[in-house]
Amino acid sequence: MAPLSADDLAFATTFNTRQWMADYHDYLGAKYGIARELMAGVHVNFSLHRDLIAALFAASGQSDLAAFKNHLYFRLAQGFVAHRWLFTYLFGASPVLANPLKGMPDNLAFPVRSLRSSDFGYTNFPSETITYSSLGAQLDQLKRFVAEGKFYSLHEFYGPVRLKSRGANSDDLIAHGTERLEFRAFDLDPLSRAGISNDTLNFLEVFLAYWLVADQEADLTEADEKNQAVALQHPHQEFDWTKERGLALLDDLDAFVAKYGAPKEYQAALLFARRRLEDPRLTIGGQLIDKADPDGGLLSYGLKIANSHHDWYKSMAYPLQPTIATYPAPAQELIKAAIELGIKAKVTQNSFTLILGDHQEQYAANQAFDLTNGAKQAVLAAFPEQVNYTDQVDQVQV
């Protein structure tokens, strides 16, 4: 995090674009300190394919789909929490801090691997840690904390991963089941323009796929302690147990992707992880501190990549979403249908091009489109080679 002046902190304390959240914003600032609230990260939302869930549910012999989905997703959450230390080691990227955080000890030695992923980062206080022992125990604890005033609401649960449903309360989760997992433990990756790399996402996906079928239960013993130790370790250092256990897990993941013929990008993600376990200097945190200023900070490097990212985004004269928002509704429907059929869309202010390999079709945004049979059929009339395209799972083995 860049150094913040007293004026910066005062501005962050009072400025709020979401006025309906103003009371909650003020509450968080008073409880955790505004500097802690400014520690940004990436939230990754993940859901299993509906066909996969349906096949697993049919094979399970259970009758309550909501309870089955909760069991499935909570199992994945437990697997992630049990191995959070590995994700922190590989992808931790908050090694220094210019402004002290509320509750942080004075003798904490920097640089660290990931301050944000530690007990002093963007998380609940250690005395208010929420359990992952079971979903029932977690929901009971959350309800109790809200009732006792320890938490403002369920939104104050800042665990590394949360179960999300259609609604915003635990009753909806029980009634309708989990819709997705929200992973909150990833630091912003300054080496990636998007803040998180494809390799990181692919590693997460292959880990979750493996854990879905792994014949073992998550060992949560000392999970928080292991993550804390790795998070506060110097980025160029590595515990013997980190390397030993990490490589053993990668061996299992390699066997998994080979057995199921996973795409090459998953194999590449595992190779990146293996290289980083062999040499901590290749981790994100390890690379970052090599770019530190003489005073140990990262302000110069931060400004350099900020300017680089700014120039890149500025060169994108017509980003998709805000551009097509000005298009007539038929053109928007056509583009949406094309994307859902696996066709790329390149847009300008007044026209757009649909691209599938070497096949391109160009249109004026305001031209008349015949959508009598729907936007999908209109796209397929132009791209008949996509008639068999589907996002359905071809075969699910259970």
Side-chain angles (χ1 to χ4, degrees), residues 42-58 69 164-166 176-182 192-202 204-206 208-209 260-269 312-397:
V42 177
H43 290 183
V44 178
N45 287 277
F46 172 88
S47 61
L48 298 168
H49 197 287
R50 57 186 178 274
D51 290 353
L52 177 60
I53 294 177
L56 293 173
F57 179 62
K69 290 196 296 182
K164 306 292 285 186
S165 62
R166 299 175 185 176
H176 300 290
T178 304
E179 295 293 322
R180 68 186 189 280
L181 293 175
E182 179 191 54
S192 172
R193 191 179 290 118
I196 188 168
S197 71
N198 287 335
D199 289 317
T200 301
L201 295 174
N202 289 334
L204 174 64
E205 285 188 2
V206 75
L208 294 174
Y260 290 97
K264 291 182 179 179
E265 54 262 32
Y266 293 109
Q267 300 173 32
W312 186 85
Y313 283 114
K314 189 177 180 180
S315 70
M316 296 178 61
Y318 300 104
L320 180 64
Q321 189 169 353
T323 302
I324 69 171
T326 64
Y327 285 8
Q332 294 189 38
E333 292 178 28
L334 200 72
I335 292 173
K336 179 181 178 181
I339 293 173
E340 291 176 347
L341 286 167
I343 300 169
K344 294 182 179 180
K346 183 178 180 180
V347 301
T348 67
Q349 188 173 4
N350 300 310
S351 66
F352 62 93
T353 304
L354 301 182
I355 306 169
L356 182 65
D358 294 331
H359 183 179
Q360 298 187 15
E361 299 287 344
Q362 189 169 5
Y363 306 92
N366 62 354
Q367 76 179 63
F369 295 101
D370 183 6
L371 304 185
T372 304
N373 297 320
K376 180 178 180 180
Q377 291 303 316
V379 173
L380 289 175
F383 292 86
E385 62 268 40
Q386 286 300 87
V387 68
N388 293 321
Y389 178 85
T390 176
D391 69 346
Q392 302 297 303
V393 175
D394 293 330
Q395 184 178 13
V396 178
Q397 297 180 349

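Remember, it's a predicted structure, so these values are computed and weren't measured experimentally.
In terms of heavy-atom proximity, L334 sits nearest to A375 at CD1-O, 3.9 Å. Closest of all the heavy-atom pairs between V347 and Y327 is CB-OH, 3.6 Å. Closest approach of S47 to R180, counting heavy atoms only: CB-CB, 4.1 Å. F352 and A364 make their closest contact through CE2-O, 4.2 Å (heavy atoms, listed as atom of the first residue, atom of the second, distance). When all heavy atoms of P328 and A365 are compared, the pair lying nearest together is CD-O, 3.4 Å. Between D199 and A269, the closest heavy-atom pair is O-CB, 3.6 Å.
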Decide yes or no on side chain to side chain contact (heavy atoms under 4.5 Å, CB included) for L341 and F383, but give the supporting numbers first.
CA-CA 10 Å; L341 286 167; F383 292 86; over 6 Å; no
For Q377 and L380, run side chain to side chain contact (heavy atoms under 4.5 Å, CB included): C-alpha distance rounded to whole Å, both residues' side-chain angles, the deciding distance at 0.1 Å, then the answer.
CA-CA 5 Å; Q377 291 303 316; L380 289 175; 4.0 Å; yes
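The distance from the CD atom of E340 to the CD1 atom of I343 is 11.0 Å, given to the nearest 0.5 Å. The distance from the NZ atom of K164 to the CG atom of L181 is 11.0 Å, given to the nearest 0.5 Å. With rounding to the nearest 0.5 Å, the separation of CD in Q360 from CD in Q362 is 8.5 Å. Within the model, atoms NE2 of H49 and CG of L56 stand 12.5 Å from one another, a figure rounded to the nearest 0.5 Å.
Within a 6.0 Å sphere centred on CD of Q321, other residues, nucleotides and ligands contribute 12 heavy atoms or fewer. Q349 CD: 12 or fewer foreign heavy atoms inside a 6.0 Å radius. No more than 12 heavy atoms of other residues, nucleotides or ligands shown are found within 6.0 angstrom of NZ on K376.
Side-chain atoms of L371 and E333, non-hydrogen and from C-beta on, do get closer than 4.5 Å to each other. Side chains of T348 and T323 form no contact here, defined as non-hydrogen atoms less than 4.5 Å apart. Taking 4.5 Å as the limit, every side-chain heavy atom of V379 sits out of range of all side-chain heavy atoms of Q386. A 4.5 Å side-chain heavy-atom check between K69 and H176 finds every atom pair outside the cut-off. In this structure, L204 and T200 have side chains that are not in contact, with every pair of non-hydrogen atoms separated by 4.5 Å or more. Taking the side chain as every heavy atom from C-beta outward, I339 and L320 approach each other to under 4.5 Å.
Of the possible polar contacts, none joining the E179 side chain to the R166 backbone as a donor-acceptor pair under 3.5 Å is found. Under a 3.5 Å cut-off, the side chain of E361 and the backbone N or O of L354 do not form any donor-acceptor pair.
Side-chain contact annotation: T372 with D370, donor-acceptor N/O pair under 3.5 Å present.
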